[in-house]
Amino acid sequence: MGPVLRDTVMLLVPAMLILVIAAVFGFPIHPVGLVLLLILPALLTAVISATSNSLGMILKNIGSLAAIVTGMQLPLTLLVGVLLPLSFGPKWLQHIAHFNPLFYDVEAAF
């Protein structure tokens, strides 16, 4: 649980710092939305961290773990619609994006 907690805290501390700076510059803060915005990525980070740590213990080889993580990270990142809006993509890609858990995290943030 230690590495999972470390990864979650490493996500939350900079996120809260950015939110404080944004509030100082006039970004409107909605308390309920803010709590959800911090809980959803924290839960997702905990799940991904636990999965990665489990794979690391099973594989016992950093090269194999890096290949799996990198192989999954790029498609999942592209399917959330942050780098390029999914509305620009074909319909089949938009449908596949709904199977990506990161998609709902990003949608909740917007």
Side-chain angles (χ1 to χ4, degrees):
M1 286 302 295
V4 174
L5 183 61
R6 179 202 63 214
D7 292 340
T8 306
V9 169
M10 285 176 57
L11 169 91
L12 289 176
V13 170
M16 288 188 288
L17 180 65
I18 290 170
L19 287 170
V20 167
I21 292 170
V24 169
F25 283 105
F27 183 76
I29 300 291
H30 303 286
V32 175
L34 179 64
V35 170
L36 285 175
L37 186 61
L38 292 175
I39 288 175
L40 288 173
L43 289 174
L44 188 62
T45 299
V47 168
I48 291 172
S49 176
T51 304
S52 177
N53 288 327
S54 299
L55 277 173
M57 288 190 289
I58 291 169
L59 296 173
K60 295 181 177 31
N61 182 355
I62 191 69
S64 300
L65 178 64
I68 290 173
V69 169
T70 304
M72 291 178 63
Q73 179 185 9
L74 183 62
L76 289 176
T77 303
L78 291 175
L79 281 176
V80 296
V82 172
L83 301 175
L84 183 67
L86 287 174
S87 59
F88 292 161
K91 290 289 182 197
W92 63 267
L93 187 64
Q94 295 172 15
H95 293 297
I96 290 175
H98 289 282
F99 293 102
N100 182 359
L102 297 174
F103 173 79
Y104 297 102
D105 208 20
V106 171
E107 287 295 313
F110 290 112

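No hydrogens, no waters, no symmetry mates; every other heavy atom, side chains included, goes into these values.
Note on Val24: it does not cluster hydrophobically with Leu34, by side-chain heavy-atom contacts below 4.5 Å among ILVMFWY residues. Linking ILVMFWY side-chain heavy atoms closer than 4.5 Å, directly or via other members, places Met72 and Leu65 in a single hydrophobic cluster. Hydrophobic clustering (side-chain heavy atoms under 4.5 Å, transitive across Ile, Leu, Val, Met, Phe, Trp, Tyr) keeps Val106 apart from Tyr104. One hydrophobic cluster, built from ILVMFWY side chains closer than 4.5 Å, holds both Leu44 and Leu76. Under a hydrophobic clustering in which Ile, Leu, Val, Met, Phe, Trp and Tyr are joined whenever their side-chain heavy atoms come within less than 4.5 Å, directly or via other members, Val80 and Ile48 fall into the same cluster.
Rounding to the nearest 0.5 Å gives a distance of 11.5 Å between OG1 of Thr51 and CD1 of Ile68. In this structure, Met10 CE and Thr45 OG1 are separated by 10.5 Å, a value rounded to the nearest 0.5 Å. One finds the CZ atom of Phe27 at 13.5 Å from the CD1 atom of Ile21 (value rounded to the nearest 0.5 Å).
Scanning both residues, Gln94 and Leu86, for their nearest heavy atoms gives NE2-O, 3.0 Å. Between Ala42 and Leu12, the shortest heavy-atom contact is CB-CD2, 4.0 Å.
Within the structure, every pair that satisfies the side chain to side chain donor-acceptor pair (under 3.5 Å) test and touches residues 7-28, not counting sequence neighbours, is listed here: Asp7-Ser49. For residues 77-91, there are no side chain to side chain donor-acceptor pair (under 3.5 Å) pairs, not counting sequence neighbours.
Counting heavy atoms from C-beta on, the side chains of Leu79 and Leu102 never come closer than 4.5 Å.
Ring pair Phe103/His98 is perpendicular by interplanar angle, where above 60° counts as perpendicular and below 30° as parallel.
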